[in-house]
Amino acid sequence: MSHRPEAHERPHPTAMTYIAVASVLTVVTVLEVAIYYIEALRPALVPLLLLLSATKFALVVMFYMHLKFDHKLFSALFVGGLWLAIGVIVALLALFQALIR
Amino acid sequence: MQQAGALGHSAEAEHTSTGLNHRKLLMWAFLASDCLFFGSLIATYLVNRGRSLVGPYPHEVFSIPLTSYSAFLLLMSSLTMVLALAAVQRGNAKWGRVWLLATALLGIHFLANQGYEFNQFAHEGLTPRTNLFGASFFTLTGFHGAHVTLGVFWLTSIVVISLFRPHTISPKNSLNVEIAGLYWHFVDIVWIAIFTLVYLLQPAPPVGG
Amino acid sequence: MAMITGVLRRPTGYAGVWGWVTTVDHKRIGVLYGVSAFVFLLVGGIEALLLRLQLASPNGTVLSAEAYNQLMTMHGTTMIFLVVMPLSAAFFNVVIPLMIGARDVAFPRLNALSYWVFLFGALLLHMSFLVGGPPDAGWFGYANLTERPFSGSGVDFWVLGLQVLGISSMAAAFNFLVTIINMRAPGMTLMRMPLFVWMTLVTSFLLVTAFPVLTVGMLLLLFDRLFGTHFYAPVAGADPILWQHFFWLFGHPEVYILILPAMGIVSEVLPTFARKPLFGYNVVVYSGIVIGFLGWMVWSHHMFTVGLGPVANAIFASTTMLIAIPTGVKIFNWIATLWGGALQMKASLYFALGFIAMFIIGGLSGVMHASVPVDTQQQDTYFVVAHFHYVLFGGSIFGLFAGIYYWFPKITGRLLHEGLGKLQFWLMLIGFNLTFGPMHFLGVAGMPRRIYTYGAESGWGFWNAVETVGAFIIAVSLLAFLANFFRSLRQGEEAGSDPWDGRTLEWSIPSPPPHYNFATIPTVHSRDAWWEEKQRRRAAPAAVAGASNGGAQPSQEEAGHGIHMPSPSYWPLVVAFGVALLAGGLLVNPLLAKVAVAMAGGLIAVIGIFGWSLEPAAASPTHGQ
């Protein structure tokens, strides 16, 4: 039971990785805004934007918050809260028939 | 050793059952809890935004270019935050402070944009009392802004305190920066969600409107 | 910065009132929680007696309709937020660190903050009695009854008081989450943890996830009332049902927050007095986790008559019926634990048995409500009042009293009187069933809840009179407990370290425990660690004599001298005061005073937080002792 603190942590990524992630985040944001303005993509707007924003969300959590490299208990705690929150949002939207508007 | 412990008194490695630091575990539990806080606020917004009886409506006031710029600012602040942590962990206190201040400044810039945006909306006749969209919008983004404000104070405090007590951002105490960073990144990912759900995925304008 | 820490130097003493005010010792904080909660139990009990007096006969004139609504609201709010929750918190505080072999909680000062914020929040709520009258919209505060046009300033006190109490509950829950995950003694794996520790873990997770939802719901209400928004006003297009969703999204996990700790206590008491290990430990743990999980998916069963539609009602009816399974599993496990045991009929076991019996009744009427058509008949009748009193009083309160009789000797070093305890049990059991049993009949007969009086022609007079008699018998039972408590504090029988021949680690140290708890942190080799240790010592007294694990040896006092415990601190009190002042300030008029007082409160809290984080971990040793 007596692991040394941080014993589970694999080495953190380097500054170059951080900058690469930031570049991806920037590109995805540009894409999001572009999709918003492209009339032809209107029908697929909701799934496309949700997917892109989930990508950004995951990148920040995994690399900047180090969850990818950290103890899985942190992930379990956070993902537990996150899923409950998503559940609350989806359930309330369904109950108020506001999912498709 | 006891005096060395300012800002969380854990200069020495704690012995814990899981090997995980108490404060870091606390922060992750807090973030899980805050997910529910923002989840409820986002749900309120999504349920209410189509229920306004009078305008202005979302598509009439939102400025996507401004908000995209703000979203970019917060994303970059996450980069500077993680660079600050990397510098502190390397023992480079000077660059640690520089990146921390850069993060705080980006946060302030974001808040200034938000202030400008709120002010614009008020000019166009949208206040929290106007309609349900206004009430839900200002409450959601206002609480996000409050989180950013708290983050700016936190990061600034770390920099100021580190000038008097340099050991508070020594590599051994990098946790002081790491935990503030977790909070900061969380505020960023909340904005990622708000940017998409509130700004980009607007409800279709009322028929004939 | 040094200036801030210099003003209130870290105190060193443990004596006197200041020793209690600045304490960060989990045992003392637990006692503070327990005593405060008990005072509020008496307050809420007196409110209940007044309600029962008013309803004792048709066309009662004891209370006005307004006063009835106010007392009903305060009774519910008090019993849930100021009695059952803090009484559970008292047990978390006193028992959890002892059970897991720790010297304190993970964040001792945060723990003190939780208590002081709780106390100030409770006082803020009760200040409404002095200013403008208490809240009158029910403990559930349904919108839009709570909007400005329909209710007075009492609701402001209610909202802000609950927000402050929420901060306290969440801070405590974060603390115990981290404490249980991180501060277990070597060898105490998750599946070796005592059941009470497990249930506290699940409760804490429920608290930190469920409370923010209510926080948001109440913030929206607060904005409606203070700043003129229209979150719950249909006139602006809003749907007031949103409040019900937020309230019950919190409220149903809250039901399990109230009952799981009591279930944990009973799971400790039964094996101890049945002289058997808990039957099916793993299954009891898993069903506790499943209850916590399912507790999130049933909230709309409080809203079957709202008109959510057949699909939503069917889904929530199914999940509600599902949750009966893990609950039933637990009950069968408790009964199987008793089966064939050598029962030691102590007062604590009486209450635990009372818990099982009463909780089964309450659970069964709960399953009845899971059926939508049945619920439609029973909604808003006294049948529902009977149901939730059987689970919250027959369940939680009986379970908590089992805990009080079980751990009182550990906290004080003296036993409560068994005879008085059994007298209290029988009075309480009879009074309880006289009060709440007939409510089933009245409910089925159609008596609505939340009414302040009724006509003689309804035919409800007889059972109402019986209920009022029952309520006074409960009051007498509480007096018996108070007599027992004060008598036993002074002249109770010396308990010794292990009066029940217990199984868990808290019985391995002296009663009351020294402030550092364990001279040597024990090493755990199995479930029921202390029991196993005693077995090993009996088997081979010589072999283990040298390898003691911090048992009750006389050398304990000397052993304790090298142990550094966190020093007391003023800062939790300062921060708590600032937070309460900030909330209270919002209630002050005119606007200028409102802003001034709230900002003063905020400033005090901020100064407190800086003082807190810059304060050294312990008073410097040269000043100490």
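Reminder, nothing fancy here: chain letters follow the sequence lines and each chain counts from 1. Model, not experiment: these values are computed from the prediction.
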Bottom line for C/Asp224: the part with an atom under 4.5 Å from chain B's heavy atoms is neither
What heavy-atom pair brings B/Arg165 and C/Leu614 nearest, and what distance separates the two atoms?
NH1-O, 3.6 Å
Are the side chain of B/Arg51 and the backbone of C/Gly237 linked by a donor-acceptor contact shorter than 3.5 Å?
yes
Within residues 244-251 of chain C, contacts to chain B at heavy-atom distances under 4.5 Å involve C/Phe246
Okay, C/Ile100 and chain B: the region with an atom under 4.5 Å from a heavy atom over there is neither
Would you name the heavy atoms of C/Ile181 and B/Thr18 that are closest together and state the gap between them?
O-CG2, 3.5 Å
So OG1 of C/Thr209 and CG of B/Asp34: to nearest 0.5 Å the spacing works out to 12.5 Å
Answer with side chain, backbone, both or neither: which region of C/Val105 has an atom nearer than 4.5 Å to a non-hydrogen atom of chain B?
neither
Tell me, side chain or backbone of B/Asn48 under 4.5 Å from chain C's heavy atoms, or both, or neither?
side chain
Please classify the contact between C/Phe231 and chain B as side chain, backbone, both or neither, with a heavy-atom cut-off of under 4.5 Å.
both
Show the nearest heavy-atom pair for residues B/Ile161 and C/Phe610, with the distance to one decimal.
CD1-CE2, 4.3 Å
Region of C/Leu219 that comes under 4.5 Å of a non-hydrogen atom in chain B:
side chain
Nearest atoms (heavy-atom pairs only) where C/Leu177 meets B/Ala29
CD2-CB, 3.8 Å
Just give me the residue among C/Thr179, C/Leu110, C/Asp239 that pairs up with chain B most often, heavy atom to heavy atom, under 4.5 Å.
C/Asp239
Contact list (residues 133-150 of chain B to chain C, heavy-atom gap under 4.5 Å, by number) returns B/Ala135, B/Ser136, B/Thr139, B/Phe143
Distance-only, no hydrogens or angles: does the B/Thr16 side chain make a donor-acceptor pair with backbone N or O of C/Asn182 under 3.5 Å?
no
Can you name the closest pair of heavy atoms from C/Phe227 and B/Arg129 and give their distance?
O-NE, 3.0 Å
